[in-house]
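I have placed the structure first, in the form of structure tokens, so that the comments after it can refer back to it.
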Number of protein chains: 2
Amino acid sequence: MDTRQKIVDAAITVLNEDFSAPLDRIAEKTDLSRRTLHRYFPDRTELIEACRQDMMQTWQTAILQACNSTQDPLIQLERMLYAGIDCGVRYIFLHKLLSQPDVNKPTGVPQNASYEAARDNWFQLVPELQRRGLISEQVNVTWIRLLFTQMVSVTIQAYQSGNIAQNDIKKLAWYSFRRSIGME
Amino acid sequence: MDTRQKIVDAAITVLNEDFSAPLDRIAEKTDLSRRTLHRYFPDRTELIEACRQDMMQTWQTAILQACNSTQDPLIQLERMLYAGIDCGVRYIFLHKLLSQPDVNKPTGVPQNASYEAARDNWFQLVPELQRRGLISEQVNVTWIRLLFTQMVSVTIQAYQSGNIAQNDIKKLAWYSFRRSIGME
DNA sequence: TATTTATGTCACAATAATGTGACATATTTC
DNA sequence: GAAATATGTCACATTATTGTGACATAAATA
């Protein structure tokens with residue numbers, strides 16, 4: 001498997017739990033030496049940048065696929081949740097990273113364009129569902145977005161805990177999520 | 001206000017976001033010098049330990065109060081959620097810390113006794129509600145516990161976002177939570 | 001006011017983390 | 001098997017972080 005990707009994967013996992021974790025921690029997780037890690041990523045910031053790119057790419061692809069797979073916004077929402085879960089820690093870390101603007105490179109360049117597009121998809125979806133009366137108008141869009149993100153997080157933790165049947169865990173997540181936002 | 005407490009508060013907030021954050025970051029948040037911080041806490045581990053104590057104490061007090069305020073387990077659950085929200089970042093960080101056993105001091109001494117008691121209250125509550133048929137037996141206890149924790153997290157983020165009316169935010173949290181675990 | 005108490009500033013040593021060069025050893029590719 | 005490529009090991013300089021002592025200054029208190 002691609003070494004570079006292996007490093008990014010490990011970095012995403014480690015940094016998601018502890019953003020200031022030393023690079024040794026990441027190298028250790030990949031079973032590579034720190035020296036090798038530095039061969040792929042000259043310094044810490046470049047590694048983080050690579051993570052950001054990777055996360056955005058993965059998420060964008062997943063969300064577009066979810067949107068294009070059907071016209072029904074309800075099913076779109078469901079598949080977006082599954083997409084988030086499939087992206088796993090990537091999804092979590094991405095949103096954590098983007099919500100801490102101080103971490104981002106201070107370049108005014110909006111490299112996020114395609115991500116923004118994906119995000120817009122999301123934001124349009126909820127009001128659409130509200131118009132159709134499927135989600136209560138009472139529930140704030142911000143609130144729903146937070147619930148969504150955290151539901152992905154919960155699901156990942158549940159996977160890791162091993163205390164829950166892996167088969168129906170996604171369905172369970174969808175059940176809890178849609179009810180939490182007032183559906184059905 | 002108590003300086004020591006001010007430091008612990010800042011530490012909990014900062015370390016919750018970034019566990020390996022340098023002490024300067026915490027000192028900065030308190031508007032104290034790092035030197036002063038070191039006068040109260042000789043080293044990093046002692047500060048973290050103080051945080052742990054503080055968090056356990058706060059949470060234990062809150063949860064006991066919630067339990068003793070009524071006999072109705074349903075209302076107990078609701079008040080426990082409010083208690084978690086009131087504890088704020090404390091609650092989040094406490095559970096994050098306790099779920100990473102490597103971080104804890106390797107002393108086999110169970111200083112957590114009283115906390116454990118508080119935790120047991122929690123764990124007895126859900127099965128009780130399931131017995132009474134108020135929560136579906138289908139939903140796993142682990143899953144509920146994760147949802148609970150994340151709901152506290154969501155609420156705190158919602159507070160911070162400023163996009164949601166502060167008044168009814170707790171009720172909203174309770175609404176989303178109880179529905180997510182299959183109630184009503 | 002004199003004295004304690006809390007805090008700040010600065011300098012400093014000790015340790016930890018980062019990033020790089022030089023060279024050895026696998027591993028792959030041709 | 002030889003060349004190219006990837007990785008490991010070690011040494012090293014640099015920087016960041018940590019923790020402490022010495023002294024100054026501000027604030028509270030007697």
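Quick note: numbers below take in every heavy atom, side chains included, and nothing from hydrogens, waters or symmetry partners.
In this structure, the CG atom of L15(A) is 10 Å from the P atom of dT18(C), given to the nearest Å. Put simply, CD1 on I48(A) is 10 Å from P on dT18(C), counting in whole angstrom units. The interatomic distance linking E28(A) (CD) with dA16(C) (P) rounds to 15 Å, in whole Å. L37(B) places its CG atom 14 Å from the C1' atom of dA6(C), with the value rounded to the nearest Å. If you take CZ of R25(B) and P of dA16(D), they are 14 Å apart, rounded to a whole angstrom. Look at NE2 on H38(A): it is 13 Å from P on dG8(D), rounded to the nearest Å. Here dA14(C) presents its C1' atom at 17 Å from CZ of R44(B), a figure rounded to the nearest Å. The separation between L23(B) atom CG and dA17(C) atom C1' is 15 Å, rounded to whole Å.
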**Study point:** Stepwise side chain to side chain contact (heavy atoms under 4.5 Å, CB included) check, L147(B) with Q150(A)
**Key:** CA-CA 9 Å; L147(B) 287 176; Q150(A) 296 301 315; over 6 Å; no
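Every residue two or more places apart in sequence or in another chain was checked for a salt bridge (charged side-chain N to carboxylate O under 4.0 Å, His left out) with K6(A), and none qualifies. Partners of F148(A) under the ring pair (Phe, Tyr, Trp, His ring centres under 6.0 Å) rule, at least two apart in sequence or in another chain, are Y91(A), W122(A), F177(A).
Among the nucleotides dG19(D), dC23(C), dG19(C), the one closest to any side-chain atom of R34(B) is dG19(D). Taking every side-chain heavy atom of D43(B) into account, dG19(D) is the closest of dT7(D), dT7(C), dG19(D). Of the candidate nucleotides dG19(C), dG21(D), dG19(D), dG21(D) has the atom lying nearest to any side-chain atom of R35(B). For P22(A), the side-chain atoms get nearest to dA17(C) when compared with the rest of dT7(D), dG8(C), dA17(C). Distances from the side chain of T3(A) to the nucleotides dT18(D), dT18(C), dT7(D) place dT7(D) closest.
A salt bridge is absent between E17(A) and R25(A); no separation between the charged side-chain nitrogens and carboxylate oxygens falls under 4.0 Å. Of the charged side-chain nitrogens involved, at least one lies within less than 4.0 Å of a carboxylate oxygen, so that R52(B) and E49(B) count as a salt-bridged pair. Salt bridge annotation for R90(A)-D9(A): present, with a cationic side-chain nitrogen under 4.0 angstrom from a carboxylate oxygen.
A sub-4.0 Å separation between OP1 or OP2 of dT7(D) and a side-chain N or O of Y40(A) is present. Phosphate contact (OP1/OP2 of dT9(C), side-chain N/O of S33(B), threshold under 4.0 Å): absent.
Residues Q124(B) and D120(B) have side chains that never bring a donor and an acceptor to within less than 3.5 angstrom of each other.
When the local axes at the two ends of the helix from dT1(C)-dA30(D) to dC30(C)-dG1(D) are compared, using 5 base pairs at each end, they differ in direction by 30° after rounding to 10°.
Within the nucleic acid shown, R39(B) comes within 4.0 Å of at least one base atom, counting heavy atoms only.
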